[in-house]
Q: 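Before I ask anything, let me first share the structure, which is written out below as structure tokens.
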Number of protein chains: 4
Amino acid sequence: MLVVMQAQATEEQVRAVCEKIEAHGLRAHSIPGAQRTAIGITGNQGMVEIGLDEMPGVQEVIAVSKPYKLVSRDVKPENTVIHFPGSDGAEDTIGGRDLAIIAGPCSIESREQAFAVAECVHRLGARFFRGGAYKPRTSPYSFQGMGVEGLKILAEIRQRYGLKIVTEAIDHESLELVEEYADVIQIGARNMQNFSLLKRAGRAKKPVLLKRGLAATLEELLMAAEYVMSEGNYNVILCERGVRTFVDHARNTLDLSIVPAVQKLSHLPIIVDPSHGTGQRNKVIPLSRAAVAVGADGLIVEVHNDPDHALSDGAQSLFPDQFEQLMKELRQIAAILHRDVPSQPAQPPRPQTAAAR
Amino acid sequence: MLVVMQAQATEEQVRAVCEKIEAHGLRAHSIPGAQRTAIGITGNQGMVEIGLDEMPGVQEVIAVSKPYKLVSRDVKPENTVIHFPGSDGAEDTIGGRDLAIIAGPCSIESREQAFAVAECVHRLGARFFRGGAYKPRTSPYSFQGMGVEGLKILAEIRQRYGLKIVTEAIDHESLELVEEYADVIQIGARNMQNFSLLKRAGRAKKPVLLKRGLAATLEELLMAAEYVMSEGNYNVILCERGVRTFVDHARNTLDLSIVPAVQKLSHLPIIVDPSHGTGQRNKVIPLSRAAVAVGADGLIVEVHNDPDHALSDGAQSLFPDQFEQLMKELRQIAAILHRDVPSQPAQPPRPQTAAAR
Amino acid sequence: MLVVMQAQATEEQVRAVCEKIEAHGLRAHSIPGAQRTAIGITGNQGMVEIGLDEMPGVQEVIAVSKPYKLVSRDVKPENTVIHFPGSDGAEDTIGGRDLAIIAGPCSIESREQAFAVAECVHRLGARFFRGGAYKPRTSPYSFQGMGVEGLKILAEIRQRYGLKIVTEAIDHESLELVEEYADVIQIGARNMQNFSLLKRAGRAKKPVLLKRGLAATLEELLMAAEYVMSEGNYNVILCERGVRTFVDHARNTLDLSIVPAVQKLSHLPIIVDPSHGTGQRNKVIPLSRAAVAVGADGLIVEVHNDPDHALSDGAQSLFPDQFEQLMKELRQIAAILHRDVPSQPAQPPRPQTAAAR
Amino acid sequence: MLVVMQAQATEEQVRAVCEKIEAHGLRAHSIPGAQRTAIGITGNQGMVEIGLDEMPGVQEVIAVSKPYKLVSRDVKPENTVIHFPGSDGAEDTIGGRDLAIIAGPCSIESREQAFAVAECVHRLGARFFRGGAYKPRTSPYSFQGMGVEGLKILAEIRQRYGLKIVTEAIDHESLELVEEYADVIQIGARNMQNFSLLKRAGRAKKPVLLKRGLAATLEELLMAAEYVMSEGNYNVILCERGVRTFVDHARNTLDLSIVPAVQKLSHLPIIVDPSHGTGQRNKVIPLSRAAVAVGADGLIVEVHNDPDHALSDGAQSLFPDQFEQLMKELRQIAAILHRDVPSQPAQPPRPQTAAAR
């Protein structure tokens, strides 16, 4: 259910409504909008009759028939923009006019490798750095990531280049560490319906990047985001990364039609992962262009200084000069859609601190 | 098998090789390239030993392991460009620098409707007109098209606007008529493996637009083109139109990754149908932009002057002003890829002839 | 629309209703049932008001909202049983208590091969013989079947063993010949939506075996049958043969759940093809058992006397002794479902006639 | 890698090989077979050279190219049979001659509901009871299960009826409790690639029932089992429960062909879940028959005393009398495959203990 407050409702009236809701054992989510505040109610099964519509400041009580509430544009018509304050007053955003370019290697393999890639993507204008410290691998015998050592390297990279860090958590334990070291907590495709992990991410203080599962419908993706939001974390970024179909000329089938579909139903930003979405380097560039042209809010793309020796996913990682060429093309396409891709680093690299060495 | 001739081989030498091949009951396809001529051999099961490699002018005889031959870049490294001479000396092409924009209604419903849409798309720069006279419908009780009356209306439209006509054939009988009245013979998705029809199209004198089947792999699409080419018609345009998957937020899942995949393996042009590929008007525009950004050689898109009263596929047809906006955006994206979208009609409408009235 | 006649309605009343329908330019399909006659009306778009409900003998006029009519149990509650009179008074059926076992090679390759397989399957109790004379092949360079020579061999096999012949037609021309030589006209999966061919099959005098397309929904399969029936041929046998999915451990994914789904909606018989449905000999036997256990009306299964040298589909053809073992198991499972699988040939082989030699 | 010991190798020799492996920082898994012992080595990336092939008792060292090792028949040719000792000396098994029938409600909703269903399925011969205490639901607002209270009810049911308890764990915390209260730890389809949970299950002392993910390939399913086994828990039961495809006449597409595919590659038992595999009561019975006919080692099926008021999955739960009819048919089909389905309870219900009341 959803309570829409009058435009001139006071903060006190909003608070009173929330208190009444919670007094009935339900949960109130106050969501301020440009015109008015809406209050989402979760925790109820179906309609509840608690006399909200007669409280002062309440305009309307709406029975929401769609299973998703907090993710919906019905609750919040304006796009969600997630803000990442920079150390020098500059600010990065996801969901605003700037496209978020999240680049980096599949896995953090060593300090040298990570810094080499970070130096490159920072110089070419990326504001976000990706790199896995915890890797969900199909085989128990494959490289499973550097763990907390990888997270520490990522934190050093933020310190030096001002890049915001995006990295995956695979369970409660790693999520706690990712929350501490990174700027965005990634939930991978295979965990999109790991509801226990989603709830934990919903209690985290950092934004969540939620990847679509390999066979997830649009509704399931939105409901997974709803799990995170229902625990109080409203900063969720959705990510299309290809689905599994009969098609055999690419590792997955990148479903770009989900971008306008999400944008119609939800206020959350949606980005695209063309690296996992295709699995092949020579398809990453054309599909990246297509993702920006379709209207995505950003890309998460694998770049490696030496793809041929990567411990994972080398075949889909771009060479640095390919990434440079791609950034140039993306900037031009973004302009047509009245979006921007930064062309300069937000800040020059800093000298390494003693702590980071 | 494939015979690669020397760069300086004479026409006579090429002819001699072809004659020897045909003397063995096989079929020779001489394919002149920029540097040299290649001769594809079809009709054999596996390798044949007929002593071609010692003939004058022959450089190499290659056993082709892939099941496709004539569609392959191994046989013809340069892109195939299909030429449509215009009445005023102007020429349209598919597969060259110009993107082919094929626009029009799903079905030809009446002379008035067809001319209204044609006037609009012609004015906005389209050079090709689509419109079904024979409609393959899921239900035997649905509108099945105007048949030869529809073809005659299409021929009038060419006469008046200089638009090249693209329309579907569904069997031998309709193919004969389409070949007579239209410029491009369309084979629909449901007939992609109607091999008898493909062979007939291969004996036609007009180019063939071959749509990918709903569950066709890349190899099956190329082999369907091979059927057409093996009968001697080398002017085939491939078309991605969405495949069937579990995804339920769009009628089909548009698989844009097939565009770079085809371009790597084959010299044939490939275009995209965002109308059938999504089934929803509000997704056609973003996916059209994406299709051009991914590198397609053109689009086939449904436009209707009055979509709400269309006899078929109204919900996916663009309004004229949406088509105008789309053409503007496509032009800008095409420029980034060093491609062009015409902005002006090739010729002004002509006065109607007495015959056409 | 559907007119349900009263139980005691006379033939004359039925005829009068049909005449009134046809006088309005529509088509009437009179379908006698055990209790009463129903009259399906086709050719109309939506409801028509022609005052049928007040005619004598009419009980009810039902607006059918489902797109299928003639295939529906609403029109005909009793199962359709297709009868094949035998030369010696014995009769084979499809859709009745006997399971139809249709066995034979993928392709007719030679008289010797065809007779060797026929002798075997006849001896083990099969009453129907399959074998392709026209083969729809992915590659134009693969063996395309023996054509009319193959049909003549099939006719000889019927003559000698009393086996009913099931073979595929791929276009109007071959359909005419198949109709002449065979007992059942097979329409292959790739032609399931070749609507021109379906209409032609609907005008044929022989039953049609209609295979489900690789990405066909239940509704599309039923509508394809509706195409055949709408032309007047009511003897249609549906066939599940596997659909295309992401699954890679079998050539196709056999969807046995379509059997109860069809049986709920339609009166038509449905059989299963475990050979194409799996593509691997070692899966054919277990999936054949499963198909009978799920309630299918029969199987169409590939058997070859020498699978390793088959010109097509050898890897999925059963050896004769495997077929023998399978028949034994099927008989036992059928009994649990109160169905029968014949254990003896219907007739001994006949001496070859002079004509057949 | 895999070390195959000689048939007459002593226990001491086996132990010496294991010690050498572990001295190299790898993990040794000794797997006694009927003829000889095999030792799987995990933890290595590729081949290792540690001189095992010259140790006494070693017959062969095999480099395993398939990514799965411990699940493979190469390591253990004989079927894995999981034993559940009964309180009265009777023993239940999964993977042996008896088919495992695991029946019960989707969720434990109350003590009354759970006991009513348990009484019924026990009386009709089921030896295993299913029922969710922790429910992974698509919506955060749906009933999430009774948690530990549900587990306590399940434990009472085992005490009273001797039924072995199968119930799902969704995270580390619930797994610990399920391990304590239940007999089999179920890992659901959505967690099939929750590798952190799989590893935890691999350290549990109870067998694991691992459901196939909605878009999981055969290899991914086997690799998920490998995760469990690589931690030392060798008692894994695989479960086919339908995959997600374009098919719309059933909630999922039950892929019975995976049963013979698994049985060829792996020694692990595989059962089928026709309830989730179809989602519709009227398809559960025919697909259950088919699952037994295809050769599965058992079924997990939802039965409810009052499906219309179930809190989850009511539409796919069998009524008690349907389950009775099903058990009768399964017994007959099992006999054809030389398998058994128990027809009598293993033990009469016991009086409730004071503790359980």
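Atoms considered below: every heavy atom in the structure, side chains included; atoms not considered: hydrogens, waters and symmetry mates. The chains referred to below are lettered A, B, ... by the order of the sequence lines, with proteins before strands, and numbering in each begins at 1.
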Q: How far does CD1 of B/Ile237 sit from CG of B/Leu268, to the nearest 0.5 angstrom?
A: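 Here the interatomic distance stands at 9.0 Å.
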Q: Look at A/Ala335, A/Ala216, A/Ala250, A/Pro274 and state which one has the largest set of heavy-atom pairs under 4.5 Å with chain B.
A: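 Of A/Ala335, A/Ala216, A/Ala250, A/Pro274, A/Ala216 has the most heavy-atom pairs under 4.5 Å with chain B.
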Q: Chain B: which of A/Val292, A/Val259, A/Leu337 shares the most heavy-atom pairs with it under 4.5 Å?
A: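 Sorted descending by pairs with chain B, the first entry is A/Leu337.
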Q: Answer yes or no: is there a side-chain heavy-atom contact under 4.5 Å between B/Ile187 and B/Leu197?
A: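 SC-SC contact between B/Ile187 and B/Leu197 confirmed.
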Q: Between B/Leu198 and B/Leu210, does the side chain to side chain contact (heavy atoms under 4.5 Å, CB included) criterion hold? Intermediate values first, please.
A: CA-CA 9 Å; B/Leu198 295 176; B/Leu210 178 64; 3.8 Å; yes
Q: Looking at every non-hydrogen atom in both residues, tell me the closest pair between A/Pro320 and A/Leu124 and how far apart they are.
A: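 Taking every non-hydrogen atom into account, O-CD1, 4.0 Å.
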Q: Is B/Ala261 in contact with chain A via its backbone, its side chain, both, or neither, using a 4.5 Å heavy-atom distance?
A: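 Both backbone and side chain.
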Q: Need one label for B/Ile333: side chain, backbone, both or neither, based on atoms under 4.5 Å from any heavy atom in chain A.
A: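 Both parts, backbone and side chain.
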Q: Go through the steps to decide whether A/Leu318 and A/Leu326 satisfy the test side chain to side chain contact (heavy atoms under 4.5 Å, CB included), and finish with yes or no.
A: CA-CA 10 Å; A/Leu318 295 183; A/Leu326 177 61; 3.8 Å; yes
Q: Contact part of B/Ile285 toward chain A, heavy-atom cut-off under 4.5 Å: side chain, backbone, both or neither?
A: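 Neither; nothing under 4.5 Å.
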Q: Residues in side chain to side chain contact (heavy atoms under 4.5 Å, CB included) with B/Ala126, at least two apart?
A: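 With neighbours one apart ignored, the set is B/Ile101, B/Ala103, B/Val121, B/Phe323.
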Q: What's the separation between atom CG in B/Leu209 and atom CD1 in B/Ile102, rounded to the nearest 0.5 Å?
A: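 Output value for this atom pair is 5.5 Å.
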Q: Checking heavy atoms, do the side chain of A/Ala291, its backbone, both or neither come under 4.5 Å from chain B?
A: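 Interface part for A/Ala291: neither.
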Q: Would you list the atom pairs in which one atom of chain B and one of chain A form a donor-acceptor pair under 3.5 Å?
A:
{"unit_1": "B/His249", "atom_1": "NE2", "unit_2": "A/Asp255", "atom_2": "OD2", "d": "3.0"}
{"unit_1": "B/His249", "atom_1": "NE2", "unit_2": "A/Ser257", "atom_2": "OG", "d": "3.2"}
{"unit_1": "B/Asp255", "atom_1": "OD2", "unit_2": "A/His249", "atom_2": "NE2", "d": "3.0"}
{"unit_1": "B/Ser257", "atom_1": "OG", "unit_2": "A/His249", "atom_2": "NE2", "d": "3.2"}
{"unit_1": "B/Arg289", "atom_1": "NE", "unit_2": "A/Ala293", "atom_2": "O", "d": "2.7"}
{"unit_1": "B/Arg289", "atom_1": "NH2", "unit_2": "A/Ala293", "atom_2": "O", "d": "3.2"}
{"unit_1": "B/Ala293", "atom_1": "O", "unit_2": "A/Arg289", "atom_2": "NE", "d": "2.7"}
{"unit_1": "B/Ala293", "atom_1": "O", "unit_2": "A/Arg289", "atom_2": "NH2", "d": "3.2"}

Q: Could you tell me whether the side chain of A/Val228 reaches within less than 4.5 Å of the side chain of A/Val208, counting heavy atoms only?
A: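 Counting from C-beta outward, A/Val208 and A/Val228 do come under 4.5 Å.
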Q: Can you tell which part of A/Leu254 gets under 4.5 Å to a heavy atom of chain B, answering side chain, backbone, both or neither?
A: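 Just its backbone gets close to chain B.
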Q: Find out whether B/Ile271 and B/Leu299 are in side-chain contact, i.e. whether some heavy atom of one side chain is under 4.5 Å from a heavy atom of the other.
A: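 SC-SC contact between B/Ile271 and B/Leu299 ruled out.
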